[in-house]
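Any value given below was found using the heavy atoms of this structure, including those in side chains, with hydrogens, waters and symmetry copies removed. In each ligand, atom 1 is the first atom listed, and ligand 1 is the first ligand listed. The structure presented is a predicted model; accordingly, all values stated were derived computationally and were not measured.
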Amino acid sequence: MNVSERSSTISYAIRDVVEYARKLESKGDKILKLNIGDPLKFDFKTPEPMVDAIVNAARSSFNGYEDSLGNTELRRVIAERESKNNGKIYLEDVVVTSGVTEGVNLVFGATLEPGDEVLVPGPGYPTYTAYATFFGATPVSYKTIEKDGWNIDVQDLKSKINERTKCIVIINPNNPTGAVYPKKTLKEILDIAIEHDVFIISDEIYDRITFDDSFVSPASMTDEVPILTFNGISKIYLAPGWRVGYMAFYNWDTLFDIKEGIMKELRARISASSICQVGAIEAYKGSEKYVVEMVSKLKQRSEFAYKRLNEIPGISTTNPMGGLYIFPKIELDNKWKDDKEFVYEFLKMKKVLLVHGSGFCPIYGKDHFRSVFLPPIETMEDAFSRLEDFMKTKK
Ligand SMILES: Cc1ncc(COP(=O)(O)O)c(C=O)c1O
């Protein structure tokens with residue numbers, strides 16, 4: 001029996017590179033992994049009260065299936081959070097998913113037909129490209145401009161929109177570039193969405209991880225454009241393995257059928273984890289001190305990564321304004337064929353795992369790599385010293 005054509009289209013650079021690292025590990029090599037945005041791989045810990053909430057929930061027999069749309073109390077708390085930060089929204093406008101990743105799958109499943117197009121940021125988080133392709137649609141990358149702090153090239157985005165375009169994906173703060181988009185850029189995109197009658201997906205999973213408080217959600221700026229806001233507890237509340245995320249529907253009255261389609265999909269997959277949703281209630285209702293501590297630690301680390309990487313001949317980088325990642329440019333100088341070979345050779349020679357930039361967009365991400373700035377400064381110093389050494393490789 002053959003594998004379906006659909007599944008053979010899936011690629012996910014962030015985990016694909018791990019296969020090669022595993023081979024080296026099986027031979028006894030110790031690999032320093034800077035490839036994955038999981039804070040728990042470093043010195044970050046899920047807040048204790050959240051862990052206690054889950055343990056207590058399991059002990060009090062909270063172990064049955066949950067409602068398909070999500071725990072009602074959690075949906076209420078999320079609606080309050082969204083209303084406070086972004087724009088008035090009700091419990092009925094919120095559904096809980098097994099992470100943002102499931103949300104992407106559900107929305108594209110309910111909206112895309114073969115031949116449709118989705119505008120995705122280039123570079124951007126590869127799940128959007130992978131799932132759009134999986135459902136037979138074409139992801140089209142719009143340009144973001146490195147010299148302008150990786151801000152969105154609105155003219156480029158506009159030139160790529162056509163009658164087949166279903167939606168525009170915005171990732172803000174962006175993974176992998178660390179860009180946080182100005183209000184002006186978001187306003188221009190909202191105007192384009194109105195003109196061309198498309199909806200917006202706004203992935204805000206890093207909304208609290210910004211270093212200058214400049215984050216604005218497009219949902220706070222319009223009562224006209226249909227927007228699906230994605231968020232969750234993976235990053236901000238340090239619980240990526242719990243797989244709890246949510247979707248908030250803004251201005252969705254004209255897209256009632258799509259919402260219904262998503263609801264059917266939600267029912268068919270039963271529910272997100274019951275006890276992990278109780279942990280998420282604690283996250284959203286509990287003390288903010290954990291977030292504040294984490295962001296302060298990350299700010300220091302991002303500043304170190306920015307400074308240290310720019311000291312390395314052949315490497316240059318913009319300053320990330322949010323998120324967990326830095327996205328430097330490599331002068332390949334004919335020493336390496338492309339960014340992928342660079343990343344694999346660096347791994348082989350210096351035992352540090354990065355992700356090749358073209359994995360985030362073959363056009364606008366090439367000749368770059370992505371590193372997390374999650375590790376303690378000594379660990380990053382070790383990794384970037386190895387990189388400095390590697391850049392001295394002879395032609
Ligand atoms: C922009 C973005 N969206 C979504 C996700 C995944 O979110 P979740 O863990 O909620 O599925 C990630 C993970 O790295 C991400 O960077």
Distance-only donor-acceptor check, side chains S217 and E204, under 3.5 Å: yes

Would you call K158-E195 a salt bridge at under 4.0 Å N-O? yes

Any side-chain donor-acceptor pair under 3.5 Å between W242 and S273? no

Is the closest heavy-atom distance from W242 to ligand 1 below 4.0 Å? no

I'd like to check which ligand 1 atoms, numbered from 1 as shown, lie under 4.0 Å from a non-hydrogen atom of R243. 8 (P), 9 (O), 11 (O)

Is ligand 1 less than 4.0 angstrom away from at least one heavy atom of K235? yes

Tell me whether K166 is salt-bridged to D116, with the criterion being a basic N under 4.0 Å from an acidic carboxylate O. yes

Say whether F230 and ligand 1 are in contact under the criterion: heavy-atom distance to a ligand atom below 4.0 Å. no

Numbered atoms and elements of ligand 1 in range of Y325, under 4.0 angstrom, heavy atoms: 14 (O)

For S234, state whether at least one heavy atom is located under 4.0 Å from any atom of ligand 1. yes

Examine Y206 against ligand 1 and note whether any of their N/O atoms are separated by less than 3.5 Å. yes

Residues E381, R386: salt bridge by 4.0 Å N-O rule: no

Taking ring pair (Phe, Tyr, Trp, His ring centres under 6.0 Å) as the criterion, tell me which of Y206, F369, F373 meets it with Y325. Y206

Between ligand 1 and Y128, is the shortest N or O to N or O distance under 3.5 Å? no

No-hydrogen, no-angle side-chain donor-acceptor test under 3.5 Å, E82 and Y250: yes

Provide the number and element of each atom of ligand 1 under 4.0 Å from a heavy atom of I171. 1 (C)

Can you confirm, on distance only, whether ligand 1 has an N/O atom lying under 3.5 Å from any N/O atom belonging to V100? yes

G99 near ligand 1, heavy-atom distance under 4.0 Å? yes

Tell me yes or no: between the side chains of T185 and N151, is some donor less than 3.5 Å from an acceptor? yes

Within the 4.0 Å heavy-atom cut-off, what N175 brings close to ligand 1 is side chain

